[in-house]
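These notes are about the structure you will find just below.
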2 protein chains.
Amino acid sequence: MANSDPVYLRVVEDLRRQITEGLLQPGAPIPSRHQITRKYGVGETAARHALRVLAQEGLIIGRVGSGHRVRQRPDLLPLHRAQAHFSTDMHAVGRRPTCDVKTDSAEARPDIAVRLRIAAQSPVTRTRIVYRSDGKPVQLAVSYEPIVYNDGTDDITQVAHRLGGNGLKLTEVTEHVYARVPQPVESDVLDLPAGVHVLHVERTHWAGDKPVETSDVIIPCDQFRLVYTLPAPYGEQTSR
Amino acid sequence: MANSDPVYLRVVEDLRRQITEGLLQPGAPIPSRHQITRKYGVGETAARHALRVLAQEGLIIGRVGSGHRVRQRPDLLPLHRAQAHFSTDMHAVGRRPTCDVKTDSAEARPDIAVRLRIAAQSPVTRTRIVYRSDGKPVQLAVSYEPIVYNDGTDDITQVAHRLGGNGLKLTEVTEHVYARVPQPVESDVLDLPAGVHVLHVERTHWAGDKPVETSDVIIPCDQFRLVYTLPAPYGEQTSR
DNA sequence: AGAGTAAAGTTGGAATCACAACTGATGGCC
DNA sequence: GGCCATCAGTTGTGATTCCAACTTTACTCT
């Protein structure tokens, strides 16, 4: 089998095997386009295609003039979403966390309105946060609150405290997690290499059955993993 | 600006805009390679590259002989990980869930041994599960338990019940979530289009401070989103 | 010896041509 | 009318060639 597979796949699979098996350590140089054409007896197109696929998969990284190398794959840093303590998580691994915060007013987009259970185009307070680790931007968040909850004075990053101080008792948080291709502005701000996906977390804080704040958190897949701690399911477990 | 940008990006951005703005509805045909070369005044290489990028982003899908079309993007189905009721989630959206289960014994890989806090190469019970929705495989899971917990008789999919019946009281579940490129075998089994990433959930069930079962769950990013419901953080919230 | 320069090699982008496999539609034939 | 073969169009893959921008190395000149 696999005899009639595209030629470039032969190259991809051989190099991928060498990388995942550790024959090629992180930092090791990958054969150049010309070397691949000679070693594997394929054309330049196939060699280039193979390198692009491997780069897309995050296994190698190319620099103009210098060549491709096996990518350093530092362990994905854990982000503990149950607590959502970005600074705690960063301190735990010896990074210096900072963040930029910008707040303004806007009209709720349709999807945000649905999440907040308000009418579309209702006024909301929008907060954009860029989280940095040792100066490098590593996470984006855009938070929306119905404007009635925001008194405009407290630390905007302290949702729980501020809303709590306003007499709202936050009861739970729901997070919807999926991965997608970054939008151009996101690749730009986070300085993402081509092919890296982002985790998109839609987080909503609830006070009883009322949503009081919702946010979109964008996290590069190649640097972080989300960690959830949940009570064990028991009792009413049904068949799956 | 953007004048010296690669030509193919001009095409990508124009088509992407048309799709995201709704000018091109799902199912609508995308100009073919030759049409793009004429309409945008670019070469075949640029046209091909643009189509490949858009396909990679999941915005369009191409079929040999028939052309590219704007991808149907059904809402991502929610998977409620807190309960991990695959069948409940599927029934809720009118799908018929089934699954294949295969169990055998194996030696713990190093990473699995760490997660289970046992010695590497200790014997474990390995369970592979392929979840299907309306017959199509949509999710993979491989579960590992130290062999001592497995009496080999109960329904293997009922981790909580079975382990509970063995006198172990499960207290919590931790899940590590990240996205990555699927391995060849995963693309194969799940029949993933090129470019689609998967969510990888490393789930561990705990009885007190002892891990009693750990599993790797592989979920296609283009079909599902994970939904977590957590108690609201309060009290000891520190600055972020 | 040190600094600056030149050369060789590499990636990313691009044009052009070619071919196999496939789809959809057309038109002819029974 | 119904069936089948043909044909144009399309994608995916591939070869070849070229060029700009960049990095690294080696060399030359002061």
Side-chain angles (χ1 to χ4, degrees), chain A residues 1-15 24 27-71 184 187-188 191-196, chain B residues 1-15 24 27-71 184 187-188 191-196:
Chain A
M1 59 172 153
N3 194 11
S4 67
D5 273 2
V7 188
Y8 77 91
L9 269 189
R10 256 193 21 231
V11 183
V12 167
E13 279 164 13
D14 185 60
L15 288 173
L24 289 170
I30 296 289
S32 72
R33 279 202 322 224
H34 284 280
Q35 287 174 329
I36 287 178
T37 58
R38 286 198 301 270
K39 283 192 187 171
Y40 292 87
V42 301
E44 228 190 87
T45 310
R48 216 179 342 174
H49 198 357
L51 289 171
R52 188 161 33 69
V53 168
L54 289 169
Q56 192 94 37
E57 293 184 2
L59 290 175
I60 66 177
I61 186 147
R63 277 198 321 165
V64 174
S66 164
H68 285 90
R69 291 177 175 274
V70 178
R71 190 125 173 264
S187 309
D188 208 44
D191 194 24
L192 298 178
V196 168
Chain B
M1 59 174 150
N3 194 12
S4 66
D5 272 2
V7 246
Y8 81 90
L9 270 188
R10 258 193 21 230
V11 183
V12 167
E13 280 164 12
D14 185 60
L15 288 174
L24 289 170
I30 296 290
S32 72
R33 275 196 334 215
H34 284 281
Q35 286 173 330
I36 287 178
T37 58
R38 285 198 301 270
K39 282 193 187 171
Y40 293 88
V42 301
E44 218 189 277
T45 311
R48 219 184 337 175
H49 198 355
L51 288 172
R52 188 158 31 70
V53 168
L54 288 169
Q56 191 94 35
E57 292 184 2
L59 290 175
I60 65 178
I61 186 146
R63 277 199 321 166
V64 174
S66 163
H68 286 90
R69 293 177 173 272
V70 178
R71 190 126 174 264
S187 309
D188 208 43
D191 194 25
L192 297 177
V196 169

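Throughout, protein chains are lettered first and strands after them, A, B, ... in sequence-line order, and every chain is numbered starting at 1.
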Point-to-point distance, once rounded to the nearest 0.5 Å, from CG of Leu54(A) to NE2 of His68(A): 8.5 Å
Integer-rounded Å distance: dC17(C) P and Glu44(A) CD: 18 Å
Of residues 35-42 of chain B, the positions that come close to DNA chain D - non-hydrogen atoms, cut-off under 4.0 Å: none
Atom-to-atom span, CG of Leu51(A) to P of dT10(C) - whole angstrom: 12 Å
From dC17(C), dT13(D), dA14(C), nucleotide with atom closest to Arg33(B) side chain: dT13(D)
Donor/acceptor link under 3.5 angstrom from Arg52(B) side chain onto base of dT13(D): no
Please report, to 0.1 Å, the donor-acceptor pairs under 3.5 Å made by any side chain of residues 34-47 of chain B, with sequence neighbours excluded.
residue, atom, partner, partner atom, Å
Gln35(B), OE1, Ser32(B), N, 2.9
Thr37(B), OG1, His34(B), O, 2.4
Tyr40(B), OH, Asp14(B), OD2, 2.6
Glu44(B), OE2, Arg33(B), NH2, 3.4

Members of residues 58-69 of chain B that approach DNA chain C, where some heavy atom sits under 4.0 Å away: Arg63(B), Val64(B), Gly65(B), Ser66(B)
Rounded distance in Å - NE2 (His34(A)) to P (dA15(D)): 14 Å
Residue Ser32(A), side-chain atoms from C-beta onward, closest of dT10(C), dC17(C), dA14(C): dT10(C)
Rounded distance (Å) that lies between atom P of dT11(D) and atom NE2 of His49(B): 16 Å
CZ-CZ distance between Arg63(B) and Arg69(B), expressed to the nearest 0.5 angstrom: 8.0 Å
Heavy-atom side-chain contact between Leu59(A) and Val70(A) under 4.5 Å: no
Euclidean distance, Ile60(A) CD1 relative to Arg52(A) CZ, rounded to 0.5 Å: 11.0 Å
Heavy-atom closest pair, residues Leu51(B) and Pro31(B): CD2-O, 4.3 Å
Check: Val7(A) and Arg10(A) side chains under 4.5 Å, non-hydrogen atoms: yes
Nearest to side-chain heavy atoms of Thr45(B), which nucleotide of dA14(C), dT11(C), dA15(C): dA15(C)
Whole-Å gap separating C1' (dG12(C)) and CG (Leu9(B)): 12 Å
Side-chain N,O (Tyr8(B)) to OP1/OP2 (dA14(C)) below 4.0 Å: no
Closest approach of Pro29(B) to Leu24(B) (non-hydrogen atoms, all atoms of both residues): O-CD2, 4.4 Å
Side-chain donor/acceptor of Arg48(A) to base of dG14(D), under 3.5 Å: no
Spacing of Arg10(B) atom CZ relative to dG13(C) atom P, expressed in whole Å: 15 Å
